[in-house]
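Read the structure below first, then the notes.
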Amino acid sequence: MKVTDHIKKAEGKTLFSFEIIPPVKGRNIKELYDNIDPLMEFKPPFIDVTTSREEYVYINKEGLLDKKITRMRPGTVGICSSIQHKYQVDTVPHLLCGGFTKEETEYVLVDCHYLGIDNVMALRGDARKEEKYFQPTKGGHGYAKGLVEQIRNLSEGKYLHEIIESDNHADFCIGVAGYPEKHLEAPSLQSDLKRLKEKVDAGANYVVTQMFFDNKKYFEFVDAARNIGIDIPIIPGIKPIAVKRHLQLLPQVFRIDLPQDLIDAVDKCNDNKAVRQVGIEWAIQQSKELKEAGVPVLHYYSMGKSDNIKAIAKEVF
Ligand code: FAD
């Protein structure tokens, strides 16, 4: 079932959902299930599974380093399918422009359709580690908007190289990313919002936001989006701070601000166990306020560990 249909069906009740990361290649999928199991009591109608870009690895061959390209966390669509089968919940595989040709994306979409996956998240992806700026993959899309168009076209029977008349088209519900504190490359929040509107006009059905720690940023973002005619659901993404290093890392990687009260509370902690608790309490307060304001879904970034998400969900749902 589509994410947007879950939202409609909930009739104003805020839903719980979360995002997981595929295990590192070669690890057991049971680790993933062990982190999903404790969250199932909160009845997520859908679970997102991220995709990571290809990266270079250096293999030592008799003293010489051989440069190879690999994907460290493969298996997004397979994991989605196995979660749907095991837990009977919908899943949302993340699709990236970076690292994929349009043909490869088409294969993935056809697989999703056959596997009964109704939702996809269309993302550009970040620059590769060794690149300063995002470089489009040869034969791939340069921006998420192009990916949204490809997915929407396929839903209408327009494949890359042919139009196929059929009564069995995929009809994907498409999520896209939104940035309450603007995307790091955007020259201004307003211009980033215009880009978001282009993704919506191309066929996106809902937005999931980048993490934020001050709800005011989310509320202002939603108002600004509504003002320029974006009228699809805007789902807030919540990440609980988990380690002291997040104070530097999150602003550096995502160009987001952290509220001074949160920084002070984390600074006072003697160890990461205490930081994790501060992160839980902050996210509970954020979640309660957002729920009170009637957000359609609270979507949590689990980063592979669910104990903190469970502690938050217990207080909020
Ligand atoms: P776009 O919408 O393409 O925007 C990228 C930048 O280009 C923005 O600054 C935008 O303003 C600008 N722009 C857009 N169109 C144009 C144009 N025509 N001309 C000039 N500028 C333009 N990354 C992963 O690698 N894997 C994941 O699974 C993943 N999941 C995510 C989930 C969520 C909810 C979010 C918020 C982010 C996720 N990301 C993920 C990160 C995302 O890939 C990066 O933030 C990426 O840098 C931008 O992706 P986008 O889809 O927002 O790009």
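What you are looking at is a predicted structure, and each value in this text was computed from that prediction instead of being measured. Counting starts at 1 for both ligands and their atoms, in listed order. For the numbers below, each heavy atom of this structure counts, side chains included, while hydrogens, waters and symmetry mates do not.
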Nearest candidate to atom 38 (C) of ligand 1, where distance is taken over non-hydrogen atoms, out of I21, V253, I235, L123: L123
Cation-pi, F317 ring and K43 (6.0 angstrom, 45 degrees): no
Of the listed options Y143, F134, Y179, closest to atom 20 (C) of ligand 1 (non-hydrogen atoms): Y143
Note: R124-E185 ion pair, threshold 4.0 Å (strictly below): yes
Any N or O of S191 closer than 3.5 Å to N or O of ligand 1: no
Lys/Arg N to Asp/Glu carboxylate O, E149 vs R152, below 4.0 Å: no
Per-atom contact, atom 4 (O) of ligand 1, protein heavy atoms, under 4.0 angstrom: no
Closest protein heavy atom to atom 8 (C) of ligand 1, given as residue, atom name and distance to 0.1 Å: H183 ND1, 3.2 Å
Pairing of E54 and R128 as salt bridge, 4.0 angstrom limit: yes
Enumerated ligand 1 atoms positioned under 4.0 Å from heavy atoms of A177: 35 (C), 36 (C), 52 (O)
Presence of salt bridge, K197 and D201, under 4.0 angstrom: yes
H183 and Q210 side chains, donor-acceptor separation under 3.5 Å: no
Aromatic contact, Y56 with Y58 (centres under 6.0 Å): no
Within-cut-off N or O pair, T209 and ligand 1, under 3.5 Å: no
N28 side chain vs E31 backbone, donor-acceptor pair below 3.5 Å: no
Ligand-residue contact atoms, ligand 1 with A186, heavy atoms, under 4.0 Å: 9 (O), 11 (O)
Within-shell test, Q210 vs ligand 1, heavy atom, strictly < 4.0 Å: yes
Crowding at CE, M1 (>12 non-hydrogen neighbours, <6.0 Å): yes
Pairing residues for Y301 by the ring pair (Phe, Tyr, Trp, His ring centres under 6.0 Å) criterion, not counting sequence neighbours: H299
Residue, atom name and distance, where the atom is the protein heavy atom closest to atom 34 (C) of ligand 1: Y301 OH, 3.2 Å
Sidechain N-carboxylate O distance under 4.0 Å for K30, D34: yes
Interfacing atoms of ligand 1 (cut-off 4.0 Å, heavy-atom, T51): 24 (C), 25 (O), 26 (N), 27 (C), 28 (O)
Main-chain N/O of P22 paired with R73 side-chain donor or acceptor, under 3.5 Å: yes
Per-atom contacts, ligand 1 versus V208 - under 4.0 Å to a heavy atom: 34 (C)
Shortest protein contact, atom 41 (C) of ligand 1 (heavy atom only): D126 OD2, 4.2 Å
Option with minimal heavy-atom separation from atom 30 (N) of ligand 1, where the choices are K199, H94, E185, K145: H94
Pair K305 + D307: basic N to acidic O under 4.0 Å: no
T50 contact mode with ligand 1 (heavy-atom cut-off under 4.0 Å): both
Best match, M211, R195, M121: closest heavy atom to atom 18 (N) of ligand 1: R195
Side chain, backbone, both or neither: the part of R124 lying under 4.0 Å from ligand 1 by heavy atom: both
Under-4.0 Å heavy-atom contact with ligand 1, by part of F254 that carries it: neither
Within-cut-off N or O pair, A144 and ligand 1, under 3.5 Å: yes
Gap separating the CD1 atom of I309 from the OH atom of Y300, nearest 0.5 angstrom: 7.5 Å
Nitrogen or oxygen of D192 less than 3.5 angstrom from that of ligand 1: yes
Ligand 1 contact on L184 by region, counting heavy-atom pairs under 4.0 Å: neither
Non-hydrogen atom of G237 closer than 4.0 Å to ligand 1: no
L96: numbered ligand 1 atoms lying under 4.0 Å from its heavy atoms: 24 (C), 25 (O), 26 (N)
